[in-house]
Amino acid sequence: MDITKNEKKYTIVEYENYWRVTRSANGLTVEYKINKDICKIEKDLCEYIESENMF
């Protein structure tokens, strides 16, 4: 799944206990691991990404 925020594209992969959110640009990749205690479902994760300044 992909999410776009402010022209930045994030790729989402679901794991058992967390979500892996990655963004690649200019040969650099940044990876975030969001615990499922914070965001249990995709909708929650999308809202979290939209509301957080780190993305």
Side-chain angles (χ1 to χ4, degrees):
M1 175 172 96
D2 292 329
I3 296 175
T4 302
K5 178 182 176 183
N6 299 329
E7 300 178 15
K8 297 176 184 173
K9 181 179 172 184
Y10 297 92
T11 301
I12 312 301
V13 178
E14 182 178 6
Y15 292 91
E16 185 176 339
N17 297 317
Y18 65 93
W19 301 93
R20 185 181 74 196
V21 180
T22 57
R23 179 171 187 271
S24 296
N26 301 323
L28 179 67
T29 300
V30 177
E31 178 178 287
Y32 303 91
K33 290 184 179 177
I34 311 299
N35 194 305
K36 283 201 171 176
D37 290 338
I38 297 170
C39 303
K40 296 192 184 306
I41 60 174
E42 284 182 23
K43 181 183 177 213
D44 294 341
L45 180 64
C46 291
E47 291 172 0
Y48 182 77
I49 290 172
E50 286 295 324
S51 67
E52 287 296 317
N53 291 330
M54 71 178 165
F55 296 101

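All heavy atoms count here, side chains included; hydrogens, waters and symmetry mates do not.
- In this view, I41 and K43, D44 satisfy the side-chain contact (heavy atoms from CB on, under 4.5 Å) rule, not counting sequence neighbours.
- Residue F55 shares its hydrophobic cluster (ILVMFWY side chains chained together at separations under 4.5 Å) with M1, I3, Y10, I12, W19, V21, V30, Y32, I34, I38, L45, Y48, I49, M54.
- Judged as a salt bridge (charged side-chain N to carboxylate O under 4.0 Å, His left out), and not counting sequence neighbours, E42 has no contacts.
- Partners of S51 according to the side-chain hydrogen bond (donor to acceptor under 3.5 Å, both in side chains) rule, which considers only residues two or more places apart in sequence or in another chain, do not exist here.
- Under a 3.5 Å cut-off, the side chain of N6 and the backbone N or O of K8 do not form any donor-acceptor pair.
- Considering only residues two or more places apart in sequence or on other chains, D2 meets the salt bridge (charged side-chain N to carboxylate O under 4.0 Å, His left out) condition with K9.
- The minimum heavy-atom distance between D37 and N35, with the atom names listed, is N-OD1, 2.8 Å.
- By the salt bridge (charged side-chain N to carboxylate O under 4.0 Å, His left out) test, K5 is found to be paired with no residue, residues two or more places apart in sequence or in another chain being considered.
- A search for side-chain hydrogen bond (donor to acceptor under 3.5 Å, both in side chains) contacts involving E50 returns nothing, not counting sequence neighbours.
- Not counting sequence neighbours, R23 has no partner by the side-chain hydrogen bond (donor to acceptor under 3.5 Å, both in side chains) test.
- Taking 4.5 Å as the limit, some side-chain heavy atom of K36 sits within range of a side-chain heavy atom of E14.
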